[in-house]
Student: 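Before we start, here is the structure in question, set down as structure tokens.
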There are 2 protein chains.
Amino acid sequence: MADRRLAFVSYAFTTSADGIATVDTGIDGDVWDINGPHLCKAVACEEATGVTAVHAVTGELGVRVSVAASVVWDGEPRDGKTIIASDRMAERLFDVACKAGETYRFVKCVAVCHDTHNQADPGPAAVALCMQASAEGWKTQLRTHREVWNRLWESADVEIEGDDEAQLALRYSIYQLLIIAPYDSDLLSIPARGLSGQTYKGAVFWDTEMFMLPFYLHVLPEVARRVMKYRVMTLEGARRKAAEYGYQGAFYAWESQDTGDDACTLFNVTDVFTNRPMRTYFRDKQIHISADVAFGIWQYYAFTGDTNFLLEGGAEAMLECARYYASYALYREGRDRYELLDVTGPDEYHERVHNNAFTNAMAKRTIELSLKALREIGRVDAEARQTLIDKLGLAEELSRLEQVAEKLYVPYPDPGTALIEQFDGYYNLEDVPLGELKSRMLNKHEYLGGGNGLATTTQILKQADVVLLLHQFGDQYAEDIKQANWAYYEPRTEHGSSLSPCVYALVAASIGNQEWAYPYFMRTATIDLTGESKQYVGTLYIGGTHPAANGGAWMAAVQGFGGLRAADGIMRIQPALPARWSVLRYSLRLSGDSYRIEVNHSTVRVKAGEGNRSTAKFRVDGTDFSCAPGGELNVAYA
Amino acid sequence: MADRRLAFVSYAFTTSADGIATVDTGIDGDVWDINGPHLCKAVACEEATGVTAVHAVTGELGVRVSVAASVVWDGEPRDGKTIIASDRMAERLFDVACKAGETYRFVKCVAVCHDTHNQADPGPAAVALCMQASAEGWKTQLRTHREVWNRLWESADVEIEGDDEAQLALRYSIYQLLIIAPYDSDLLSIPARGLSGQTYKGAVFWDTEMFMLPFYLHVLPEVARRVMKYRVMTLEGARRKAAEYGYQGAFYAWESQDTGDDACTLFNVTDVFTNRPMRTYFRDKQIHISADVAFGIWQYYAFTGDTNFLLEGGAEAMLECARYYASYALYREGRDRYELLDVTGPDEYHERVHNNAFTNAMAKRTIELSLKALREIGRVDAEARQTLIDKLGLAEELSRLEQVAEKLYVPYPDPGTALIEQFDGYYNLEDVPLGELKSRMLNKHEYLGGGNGLATTTQILKQADVVLLLHQFGDQYAEDIKQANWAYYEPRTEHGSSLSPCVYALVAASIGNQEWAYPYFMRTATIDLTGESKQYVGTLYIGGTHPAANGGAWMAAVQGFGGLRAADGIMRIQPALPARWSVLRYSLRLSGDSYRIEVNHSTVRVKAGEGNRSTAKFRVDGTDFSCAPGGELNVAYA
């Protein structure tokens, strides 16, 4: 973890008789990925003073990769010989004269370098690194490795007392989030299946901003910056996609690649009945992705006060998302409002709907936040603001952006039932129990959405949609509205997406209903541990780890049960611990300062880091408190 | 045909030996329709002085029906006896003492009366009618029957010299149009399968206005009035449908019933792969139906100058259609235009498209025509105009209607290719040859449209769409535009609808391309004669006669090859006869006057009726001529 280019393997063997044992080690470059041979171009092997290396270029993106390995024996060095059997197989052989019962040990040191992110010439680099690391010895490396991990856990760990099962599942989730974080590059984000495979083509989804970002924001803001920087760096791709569909601004990719272009096909699912590709609208109609990105950028800024990030493209990306929605919105004169027609919300079982509540609310807020970001820039650098306005040719448009934001229709709770309709006409769909719907299935892999999916003509949802809206805009909706909509939509939700359960946990916890929340938290935290997660959509394999659920588990624990919600520079804490949780303990980073929070069923304790530079505002159970550097809070709550 | 309530059957039999022959005749009320027993309520039999009758009420609409029958023997009357075997079977038995070799004759007279349209009490009426008709004798009835038919053929016949096959097919088509015409009621129109069965639930489609109305307009304007009156009488149903979808005005039913309510289900096709009902959007999205109706009303007025029809609800219905589109249209600020999103055009293989060229053009024109109709009313009765405006609360809205009409976007021909895109994004669809598409079919009955239909993601059309636009607005598009679009769309059209081929014939003829037009004319005219018409959509049986194609055959012959086009009070004649047609001869009714037209390859002859009241304007080959009552024109053309 200290130098993620290095790996060490320690071997030991004992023989039962005297004789010569031949140790055959080395590097096998015959690695395959989802598209075929992984290392397929310009593969070459090398041997230099005991270090064997394989140099190659990846087939997909043409990344130059070099792998170097050396072997260090316990005790006196041994002579080995190198065999270059093929252009991608470099072996290292050692004949060891063994005595019966004796144990022989060696450590293999491997360095992997590639030319993306700050590694100009990976070949020599890998060889040099391998030599240096084996010279220093693995014990040194192991020590620094442990130091880094300890620091990471110190800031990231969440302790639960009284519920070992939850503790294990949550730590598993945090571990996943720590190993998949992009520590070294502004050009990478986190794909939907982390490091577990190439499912979903290794592309980046809204999962990252909506479900992983909160963890990094609170715990590792530098990683949060990288993740959002990736979106800034891929703005051009989002502009290309908006233009492709005839709109202005930035329409971020549903499956974002390294260029920001969309890897999502128009035929994303195969019909199990005809084996034909099925036209789906993930790529065309999930316009909320641009809002999810803009929200992420704003949240990063709100958490860190990092104005530079806004100046270095953050604000530009937000404004381009706002502009996209303004060009997408149509004005309905009869109702004096703007509408967003023909979209797909988070609930992908209902494609091409009109005025999806979540999408409209996010789009409206995106425009507001982008104008706010422009003001923030103006505050610190009026010239930069003007330059940006000129660059985007926004001068004429600003007033229109304000008008669209003001008049963009957001479906509101029914005065009688407190229910928010997921989209125009949702209530007219067949209201069938989930069980009955499933009993209609003819094939266990059949897709419930798409052209003729069983769910499309019913009220059955794939995942939280209105309930996600209530989480995102938690402050704007009263408890009874959350209560009513949770109760209405929960039995109608199939949770066909791993992003769904944590949202139900979060909203249930926010209204103090742990009985509703806890099972959904556990379902989220254990998703990779039970082996019960969905493995197929149609005939498409979608298995692997679920980073969004891992992030969702952290959100449910800290933001849900812990009741932590950051807004307007105030950290609000309104705990709702499950009965069996006696204590919840976690760390928090805020504008560069750090805090330790401890919550039990009666009190909230906050300890500000000694080195903090500023005093933070906390609001516990409705009352405001300040916490100076090194200070401590100990607040009882109802 | 003189009294459509009457039927006569003449019987004769000869015996080979002496003996008693028992003639068993009567009425069998055990009739079934698509929903089960047709006569199922209050069935009773009666016998009165030799007339047997069955009185019943239909199961579907509760229509009271009475059937009365009597038997009249040649020579001396015979005693018969009546047997009422069941509540719906009334037999009449005659024992005839026969001599070998002698022939015995009788005529059975049947009267059918029902309580719809002007028949208050069908029971006594049927019995009385039967008695009276059998008293007058069948010869009298046959004579008046023939007189009526002769008059009908005199005004309706189209003579083709030089092409007996075409002549037969065209006369067959005209015969169909004559027998299905509603002669007795303003509450009935013509269903999509005429009298041939209950396919499509006996409902009325746009077929009537678009493909049958032209024949009646030119030949039997009183029938045209009835057909359009049906739409006026069902305006309330259209208002209900518009309101159901959240719009103002009138959204006419896709499958219109006697109330104007829509018989079309949301699941109109069954998926052959899963046998599940498939969600289709015929009912929701074919918004052009209201424009088709408004056009029909206006054409009836333009042809007949029947201002009363506008005053008696015609103008109101048109304005409500206009108002529907104005409330449906959304304004796109970036392009300063109104758009119609999420519609289905005539090409039903592409549901839920945006800015369908035909639909937008028809909607725009509908608003213009409705305002014109309002002006026409004002011309003859200013007070009536004001009353209508007040009744509809239109005062505020008129200027907006004008504005929407002015700025409603209609896709225009590309300056380079002259092509009109059928709808937004049509060109992005897969451009696959029809044959290749069909080779992908897994089931010969599989529906090419709907959720996952093979055609939906390709450029293959079900039926004329842009080409229909070019027919409807023929005067507004230059020949090269018609030529280019015909050539582009024709190979991409599957003609999955019987409404399609005649449109291709019409547009081809209008640009003087008989080679293109003739096969499509013949395909239309012979549709019921070849037995090759499509019998299934998914698992839905759609067989029967094709009145729209019958009307289309007349249109292709008279308006296509005959080149007859009425507009702005001028009858334009620009013939383009197929080579083998030496002469085309037909009659024409215009504002109550009648004309005989005869066209050959070099001249156009017009003969005005002696009794005509006014002088008509004709334009042949671009030159204007007047034709006074009893006058004659004889014009050579290039």
Side-chain angles (χ1 to χ4, degrees), chain A residues 244-249 266-267 269-281 284 323 326-342 351-355 397 400 403-404 407 424-425 428-430 440-443 446-447 449-454 456-458, chain B residues 244-249 266-267 269-281 284 323 326-343 351-355 397 400 403-404 424-425 428-430 440-443 446-447 449-454 456-458:
Chain A
E244 175 194 340
Y245 286 101
Y247 299 105
Q248 297 178 290
L266 300 183
F267 297 82
V269 178
T270 299
D271 177 16
V272 295
F273 298 110
T274 60
N275 280 312
R276 291 171 180 157
M278 183 191 296
R279 180 66 161 99
T280 49
Y281 293 87
D284 319 58
R323 184 185 242 174
S327 74
Y328 193 96
L330 292 165
Y331 181 63
R332 188 179 295 284
E333 280 166 352
R335 297 175 176 170
D336 184 29
R337 70 189 193 190
Y338 291 89
E339 302 190 0
L340 299 176
L341 268 52
D342 197 6
E351 297 185 314
R352 306 198 55 193
V353 301
H354 301 326
N355 293 313
E397 245 176 289
R400 172 151 193 274
Q403 189 195 329
V404 175
K407 294 191 170 180
D424 293 352
N428 300 339
L429 299 175
E430 185 193 7
R440 298 174 183 172
M441 292 176 74
L442 301 174
N443 179 311
E446 73 174 275
Y447 182 51
N452 293 331
L454 280 173
T456 58
T457 58
T458 72
Chain B
E244 174 193 341
Y245 287 101
Y247 300 105
Q248 296 178 292
L266 301 183
F267 297 82
V269 178
T270 300
D271 177 16
V272 296
F273 299 110
T274 59
N275 279 312
R276 291 171 181 158
M278 183 191 295
R279 180 66 161 99
T280 49
Y281 293 88
D284 320 56
R323 185 186 239 172
S327 74
Y328 193 96
L330 292 165
Y331 183 62
R332 188 179 296 284
E333 281 167 351
R335 295 172 177 172
D336 184 29
R337 71 189 192 190
Y338 292 88
E339 301 190 359
L340 299 176
L341 269 53
D342 197 5
V343 308
E351 298 186 313
R352 304 197 58 193
V353 301
H354 302 326
N355 294 313
E397 246 176 287
R400 172 151 194 273
Q403 188 194 327
V404 175
D424 294 352
N428 299 339
L429 299 175
E430 186 194 6
R440 297 174 184 173
M441 292 176 73
L442 302 174
N443 179 313
E446 72 174 277
Y447 183 50
N452 293 331
L454 279 172
T456 59
T457 58
T458 73

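In the text below, chain A, chain B and the rest are named by the order of the sequence lines, each starting its count at 1. Given the structure is predicted, the values throughout are model-derived calculations rather than measurements.
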Student: State which residues pass side-chain contact (heavy atoms from CB on, under 4.5 Å) with A/Glu446; sequence neighbours excluded, sorted by chain then number.
Tutor: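 Applying side-chain contact (heavy atoms from CB on, under 4.5 Å) to A/Glu446 gives A/Val272, A/Phe273, A/Met441, A/Leu442, A/Asn443, A/Leu454, B/Arg276.
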Student: Please report the shortest heavy-atom distance between B/Glu351 and A/Arg352, naming the atom on each side.
Tutor: O-NH1, 4.3 Å
Student: B/Asp284: which residues meet the side-chain contact (heavy atoms from CB on, under 4.5 Å) condition with it, sequence neighbours left out?
Tutor: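 Once residues adjacent in sequence are excluded, the partners of B/Asp284 under the side-chain contact (heavy atoms from CB on, under 4.5 Å) criterion are B/Tyr245, B/Leu266, B/Arg279, B/Tyr281.
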Student: Evaluate the side chain to side chain contact (heavy atoms under 4.5 Å, CB included) criterion for residues B/Leu341 and A/Leu330: first the C-alpha distance (whole Å), next the side-chain angles of each, then the deciding distance (0.1 Å), finally the verdict.
Tutor: CA-CA 10 Å; B/Leu341 269 53; A/Leu330 292 165; 3.2 Å; yes
Student: Among B/Glu339, B/Gln248, B/His354, who wins on heavy-atom pairs under 4.5 Å with chain A?
Tutor: B/His354
Student: B/Gln403 versus chain A, heavy atoms under 4.5 Å apart: side chain, backbone, both or neither?
Tutor: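 Looking at B/Gln403, just its side chain touches chain A.
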Student: Examine whether an atom of B/Thr274 lies under 4.5 Å from a heavy atom of chain A, and if so say whether it belongs to the side chain, the backbone or both; otherwise answer neither.
Tutor: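 Both backbone and side chain.
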Student: Where do A/Arg332 and B/Tyr247 come nearest, in terms of heavy atoms and distance?
Tutor: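 Reported closest heavy-atom pair: NH1-CE2, 3.9 Å.
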Student: With a 4.5 angstrom heavy-atom cut-off, which part of B/Asn452 approaches chain A: side chain, backbone, both or neither?
Tutor: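 It is both, since atoms from each part get that close.
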